[in-house]
Novice: 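Structure in structure tokens, see below.
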Amino acid sequence: MNAQNNHDSSQPWHPGSWRAHPVKQVPDYEDKRLLAEVEEQLRRCPPIVLAPEAARLEGHIAAAGRGEAFLLQGGPCAESFDAFSADFIRALYDTLAQMAQIVEKGLGKPVVRTARLAGQYAKPRSSAVEGRNGQELPSYRGDIVNSHRFEAPARRHDPLRMVKGYDQAAATMNYARALASAQNDDRFFVAHEALLLPYEEAFARPVAPGQAQGAYYGASGHFLWIGDRTRQPDGAHVAFLRGLVNPLGIKVGPTTPATDLLALLSTLNPGRKAGRITLIARMGAGRVRDLLPSLVEAVKASSQPVTWVCDPMHANTISAQGGVKTRPFDAIVQEWSGFKAVLDQAGVPAGGIHLEMTGRDVTECTGGPQGLQESDLGLRYESHCDPCLNATQALALASMVASGGKS
Ligand code: PEP
Ligand code: MN
């Protein structure tokens with residue numbers, strides 16, 4: 001076994017075995033009894049997705065890794081309880097469908113959509129606390145943990161929010177499935193960051209119902225990813241996800257050492273199954289051409305079959321005047337172009353793109369066809385977290401991807 005790999009795949013795994021590992025970013029619930037009650041309730045809830053659906057997605061992702069399909073991942077940074085509406089879901093669904101059509105036509109290959117939806121509620125934070133006007137409160141960690149309102153009671157970590165998150169995820173999935181079925185669209189999948197481990201553990205279910213001794217899958221979403229802040233090879237998130245059969249994503253940021261990446265691949269994909277792992281690179285427009293080549297080469301040399309996807313959002317966030325977060329459309333385009341150039345140079349397929357976007361006409365990212373300026377950001381800024389592309393910007397980006405990646 002690799003010396004850096006602290007997860008021996010021969011060690012028994014069970015849905016709660018992550019609890020023995022160092023854990024980052026999970027909430028600090030005061031009421032442990034309520035937490036246990038909520039976990040028990042969630043364990044009995046119907047799954048959001050089924051194992052054969054996740055297996056089908058894995059097959060599509062394997063095809064994207066071989067350059068025979070293209071993976072389009074998109075949705076809000078964080079789903080919210082306030083913004084929940086049929087319109088929000090339908091607008092995202094429609095925008096992703098239009099983008100898929102554009103890319104499919106341009107690239108001449110099938111596009112597989114996975115929305116950041118029906119479970120994308122928990123957020124990692126760089127700091128545990130947030131200060132405003134001399135007052136310091138716990139950071140907002142997504143609606144499934146606490147509220148974004150800057151008041152002490154609202155920022156408490158509340159286990160009951162997991163029940164509300166599940167209910168909303170179930171209603172969202174119900175509507176998304178109906179939209180897909182009405183259009184004979186069988187390729188619509190959902191994805192989220194598997195961050196909130198108590199919630200994810202409750203949805204770790206046997207692939208064969210009732211067979212607790214066999215394989216498990218994450219029933220909270222088809223595709224689950226590990227964020228850039230929780231990808232430590234010996235950490236709890238990796239310990240949890242290695243036991244699920246779903247296709248998995250790993251965010252790969254500017255501080256990811258090649259040794260960690262290889263350790264993660266051998267832990268999470270010891271059987272070297274194609275489609276199992278999607279590497280989601282988020283390096284920054286100015287750095288992707290320098291930082292990505294050695295990682296792509298290291299993975300290539302390891303013979304691990306992965307699907308490389310570009311997240312051109314997360315390393316291109318800047319503060320506009322007044323401190324509001326934004327992302328310039330041009331930087332997003334540049335990161336995609338850099339990513340594509342690096343992969344082309346290595347002879348590895350650029351397998352897809354991962355976007356923070358909405359189907360609504362928000363004003364959160366600057367630039368794009370509407371020429372949004374920093375002074376426009378206040379008009380319709382809806383995100384409580386990271387800035388999203390609006391529908392017009394997302395479609396323009398799809399056209400750019402469809403043209404082969406040249407800007
Ligand atoms: C995200 O995708 O919303 C996110 C937090 O990304 P990362 O882990 O890459 O920072
Ligand atoms: Mn985000």
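Nothing here was measured: the structure is a model prediction, and the numbers come from that model. One-based numbering, in listed order, for ligands and for the atoms of each.
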Novice: In chain order, what residues pass the side-chain hydrogen bond (donor to acceptor under 3.5 Å, both in side chains) check against Gln393, with sequence neighbours excluded?
Specialist: none
Novice: Using a strict 4.0 Å threshold on nitrogen-to-oxygen distance, state whether Glu130 and Arg125 make a salt bridge.
Specialist: no
Novice: Assess whether a salt bridge exists between Arg113 and Asp185, defined as any Lys/Arg side-chain N lying under 4.0 Å from an Asp/Glu carboxylate O.
Specialist: yes
Novice: Test your reading of the model: is there a side-chain donor-acceptor pair from Arg327 to the backbone of Met313, 3.5 Å cut-off?
Specialist: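 Answer holds: yes.
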Novice: Please tell me whether Tyr93 and Tyr175 form a close aromatic pair, meaning their ring centres lie under 6.0 Å apart.
Specialist: no
Novice: Salt bridge check, Arg360 against Asp87: does any charged N sit closer than 4.0 Å to a carboxylate O?
Specialist: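 Answer for the salt bridge query: no.
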Novice: With side-chain hydrogen bond (donor to acceptor under 3.5 Å, both in side chains) as the rule and sequence neighbours excluded, what pairs involving residues 283-298 come up?
Specialist: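 Qualifying pairs: none.
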Novice: Got a salt bridge between Glu39 and Arg43, using NZ or NE/NH1/NH2 to carboxylate O under 4.0 Å?
Specialist: no
Novice: So which protein N/O/S atoms does the Mn ion (ligand 2) have within less than 2.8 Å?
Specialist: Cys77 SG, His314 NE2, Glu356 OE2, Asp386 OD2
Novice: Is Glu30 salt-bridged to Arg156, cutoff N-O under 4.0 Å?
Specialist: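 Looking at Arg156 together with Glu30, the answer is no, because their closest N to O distance does not fall below 4.0 Å.
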Novice: Give one line per pair: atom of ligand 1, protein atom, distance. Only N/O to N/O under 3.5 Å.
Specialist:
| from | atom 1 | to | atom 2 | distance (Å) |
| --- | --- | --- | --- | --- |
| ligand 1 | 2 (O) | Arg116 | NH1 | 2.9 |
| ligand 1 | 2 (O) | Arg116 | NH2 | 3.4 |
| ligand 1 | 2 (O) | Lys251 | NZ | 2.8 |
| ligand 1 | 2 (O) | His314 | NE2 | 3.4 |
| ligand 1 | 3 (O) | Arg116 | NH2 | 2.9 |
| ligand 1 | 3 (O) | Lys123 | NZ | 2.7 |
| ligand 1 | 3 (O) | His314 | NE2 | 3.0 |
| ligand 1 | 3 (O) | Glu356 | OE2 | 3.0 |
| ligand 1 | 6 (O) | Lys251 | NZ | 2.9 |
| ligand 1 | 8 (O) | Asp228 | N | 2.8 |
| ligand 1 | 9 (O) | Lys251 | NZ | 2.9 |
| ligand 1 | 9 (O) | Arg282 | NE | 2.7 |
| ligand 1 | 10 (O) | Arg229 | NH1 | 3.1 |
| ligand 1 | 10 (O) | Arg282 | NH2 | 2.9 |

